[in-house]
There are 2 protein chains.
Amino acid sequence: MSTRVDHEQRRARIAEALLRIADTQGLQAASMRVVAAEAGVSLRQVQYYFHTKDELLIDALARLSAQLQVRMQKWIAAAGSPPTPRSIVTAILSCILPTDDESRRITRTYAAYYTLVLSEPKLAEQHATTYPDMLESFLAKQVRAAQQAGEVAAARDPELTAAGLLAMTNGLGSSVLGGQRSGEAALTVLGHHLDELFGAGGPESPSAAK
Amino acid sequence: MSTRVDHEQRRARIAEALLRIADTQGLQAASMRVVAAEAGVSLRQVQYYFHTKDELLIDALARLSAQLQVRMQKWIAAAGSPPTPRSIVTAILSCILPTDDESRRITRTYAAYYTLVLSEPKLAEQHATTYPDMLESFLAKQVRAAQQAGEVAAARDPELTAAGLLAMTNGLGSSVLGGQRSGEAALTVLGHHLDELFGAGGPESPSAAK
DNA sequence: GCGCAACTGATACAGGCGTATCAACAACAG
DNA sequence: CTGTTGTTGATACGCCTGTATCAGTTGCGC
C-alpha cells in the first residue's frame, strides 16, 4: 500500500475548487474541466480522485457543511465569557447571516446547492439532513433556558419560536444574497425580533457581533 | 399585418411548458428541445416565438410573477368580509407558503429560478425586483394600521416587523420545499408568531416592557 | 534486476446544448 | 394571376458535457 500522494489533500484541493466556483459562478458553471482548471490539476486527476461528478458534488457539500459547523462553533464560543441563552441564540443566527466574507461565501455556496438538492433528492440523501433539525432543537433548548431565567415570556412555545427564528434568519439571508437588503439591515431586522423575544429591557445589546 | 395565429397564446403555451418543467425537474432540465416537447410544438416554433433562451426564461418568470400576484389578490379578497389588518397579513403570508398544489407549484418554480437569478444578475434586471419591496411595505402598512387599532404593541417597528415576517415566511417555505417540514407545520409556526405579534390576549396589552 | 501498484497525460466517445440556415408552405394584397 | 409576408420542418453547425480507454511513467517491495 504505497501512498505516494496524500489522497485527502488532493480531494480537498479539488473539492474546494468546486466550492469556489459554486460560490462565484454557480454550480451550473462547475463542470469537471472547469473545476480541474480552477484546482490547477488535469481533468484526469479530478476523475481519478472522484470517480463520478456526483461523488465530487457530495464530497464538496460535506466539506461545506463542515466549514459552517466550525464557524458556528467559533461564534458560539465567542458569544461571551458567561454565555447567556440570548447571546448564544444571537451568535448562532447572526453567524448564519451573510454579513462578512466567510458567511457570504458559505451562504452563497449553499444557495448554489439549494435548487440542485431540490431537483435531485438522491443527492440530499447522502448528506446529513439531520443537521438543520439539530440546530433547531438546540435553539429551542436555549429558548427554554431563557424562559426559566425569566428572559422570555413563558407563553412562547420553544420549538415553534426556534423554528420561526431560524426560518426568519434563512429568509433574511436569501434577501441579502438577492441584493434586496444589506447584511447590516438583515442584522437590524433580526435584532429587533430578538429584542421582542427577549424582554426588550434585557441585559444584552441587540446587535452583538462576534 | 396579417396575424394568422395568436402570438400571445403561443408564447403563453410555451412559457408555461417551461414553468412546468422548472417546477417538476428544475430549470437545468429545461432545454429548448425539452420545452418544445412539453409544449407539444417543434423546436423551431420555440425559437420563432422566443428568439433566444434568455428571452423565454424572462418571459416565463414574468408570467410566474403575475400568477403569484393573482393568487395573492384572491387570498386578500377572501381575507374576511370586514378585513382586519391581521386577517390581511395572515392571508398574504399563508398564501405564499407552499401548502396547497398551486402554492407548491409557484414556490417550487420560484426556487428553481432563485439560484439562476443569483448567478446571472442581468436576468434579474429585466424582472421587476420592486415587487417584493412593495409587498414588504404593504405589510408594514398593515402593521401600522394594527398598531393604531391597538392590536399590535406600539413599540414595534412596522418596517422591521414586516421584513421579519416576510423573511420568516420565505424561510419556512424553503424548509417545506426541502422536505424538512410539512406545509401545515409551517402554518403552525407562522400562526404562533402572528399570535405573538397581534396580542394573543386582545388589544392594548402592555405586557412588553418599555 | 523484476514486477506490481499507484498515478497521470492524451485523446476519444456519444450525446446534449443553443443557435443558425434554407427551402417550403399558407394566406392574403394587389 | 403574382408577390409579399408570416410561419414552419428539417437539418446542420460548433461547442461543451460526463465518462471511458490506453499507453505511459513513477516509486516501492522483493
Side-chain angles (χ1 to χ4, degrees), chain A residues 1-22 24-61 112-113 115-117 119-120 122-123 126, chain B residues 1-22 24-61 112-113 115-117 119-120 122-123 126:
Chain A
M1 286 292 188
S2 70
T3 307
R4 310 212 320 269
V5 301
D6 184 349
H7 270 228
E8 165 54 24
Q9 171 188 301
R10 299 265 198 172
R11 286 172 66 95
R13 177 171 177 173
I14 295 171
E16 269 162 33
L18 183 277
L19 292 181
R20 230 172 298 134
I21 294 168
T24 56
Q25 303 160 252
L27 267 183
Q28 66 270 46
S31 73
M32 299 287 266
R33 286 164 176 87
V34 170
V35 169
E38 169 74 25
V41 302
S42 70
L43 167 62
R44 185 66 180 80
Q45 223 175 100
V46 178
Q47 283 188 275
Y48 186 74
Y49 291 104
F50 300 95
H51 302 60
T52 176
K53 190 185 182 182
D54 280 3
E55 201 181 316
L56 170 57
L57 247 19
I58 291 171
D59 183 86
L61 179 55
Y113 267 100
T115 55
L116 182 66
V117 166
S119 57
E120 314 227 19
K122 68 179 174 59
L123 201 152
Q126 312 273 0
Chain B
M1 284 289 188
S2 69
T3 306
R4 310 215 320 273
V5 300
D6 184 348
H7 271 226
E8 165 54 25
Q9 171 186 303
R10 300 267 196 170
R11 287 172 66 94
R13 177 171 177 172
I14 296 171
E16 267 162 36
L18 184 276
L19 292 180
R20 231 173 297 134
I21 294 168
T24 56
Q25 302 161 255
L27 267 183
Q28 66 271 43
S31 73
M32 298 287 267
R33 287 165 175 87
V34 170
V35 170
E38 169 73 25
V41 302
S42 70
L43 168 62
R44 184 64 180 86
Q45 221 175 104
V46 178
Q47 284 189 273
Y48 186 74
Y49 292 104
F50 300 94
H51 302 61
T52 175
K53 190 184 182 183
D54 279 3
E55 200 181 315
L56 170 56
L57 247 18
I58 291 171
D59 184 85
L61 180 55
Y113 268 99
T115 56
L116 182 66
V117 166
S119 57
E120 313 227 21
K122 68 179 173 63
L123 201 150
Q126 313 273 3

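A note on names: the letters A, B, ... follow the listed sequences, proteins ahead of strands, and every chain is numbered from 1. Everything quoted here is computed from the prediction, not taken from an experiment.
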Self-check item: Reading 5' to 3' through nucleotides 10-19 of chain D, protein heavy-atom contacts under 4.0 Å coded B for base, S for sugar-phosphate only, - for none
Solution: B-B----BBB

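- One atom, OH of A:Tyr48, and another, P of D:dT26, lie 16 Å apart when rounded to the nearest Å.
- At distances below 3.5 Å, not a single donor-acceptor pair connects side-chain atoms of A:Tyr113 with backbone N or O atoms of A:Leu27.
- Side-chain contact between B:Glu120 and B:Asp54: absent, with no pair of heavy atoms (C-beta onward) separated by less than 4.5 Å.
- Shown here are the salt bridge (Lys or Arg N to Asp or Glu O under 4.0 Å) partners of A:Arg10, two or more places apart in sequence or in another chain: there are none.
- In terms of the ring-ring contact (aromatic ring centres under 6.0 Å, His included) criterion, B:Phe50 has no residue partners (sequence neighbours excluded).
- OP1 or OP2 of C:dT8 has not a single side-chain nitrogen or oxygen of A:Ser42 nearer than 4.0 Å.
- Regarding contacts with the backbone of D:dT7, a side-chain N or O of B:His7 is found under 4.0 angstrom from either OP1 or OP2.
- The stretch residues 8-22 of chain A touches DNA chain C through A:Arg10, each having a heavy atom within less than 4.0 Å of the strand.
- Between the side chain of B:Thr52 and the main chain of B:Glu55, no donor-acceptor pair closer than 3.5 Å is present.
- OP1 or OP2 of D:dT8 lies within a sub-4.0 Å distance of a side-chain N or O belonging to B:Tyr49.
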I'd like a table of donor-acceptor pairs (distance under 3.5 Å, sequence neighbours excluded) in which one partner is a side-chain atom from residues 31-41 of chain B, with atom names and distances.
{"from": "B:Ser31", "atom 1": "OG", "to": "B:Val34", "atom 2": "N", "distance (Å)": "3.2"}
{"from": "B:Glu38", "atom 1": "OE2", "to": "B:Arg20", "atom 2": "NH1", "distance (Å)": "2.4"}

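- Here the straight-line distance linking atom NE2 of A:His51 with atom CG of A:Leu56 works out to 12.5 Å at 0.5 Å rounding.
- One can place CD of A:Gln45 at 18 Å from P of C:dT11, the figure rounded to the nearest angstrom.
- Annotation: ring-ring contact (aromatic ring centres under 6.0 Å, His included) contacts of A:Tyr49 (sequence neighbours excluded): A:His7.
- Across the protein-nucleic acid pair, A:Phe50 atom CZ and C:dC7 atom P stand 14 Å apart, rounded to whole Å.
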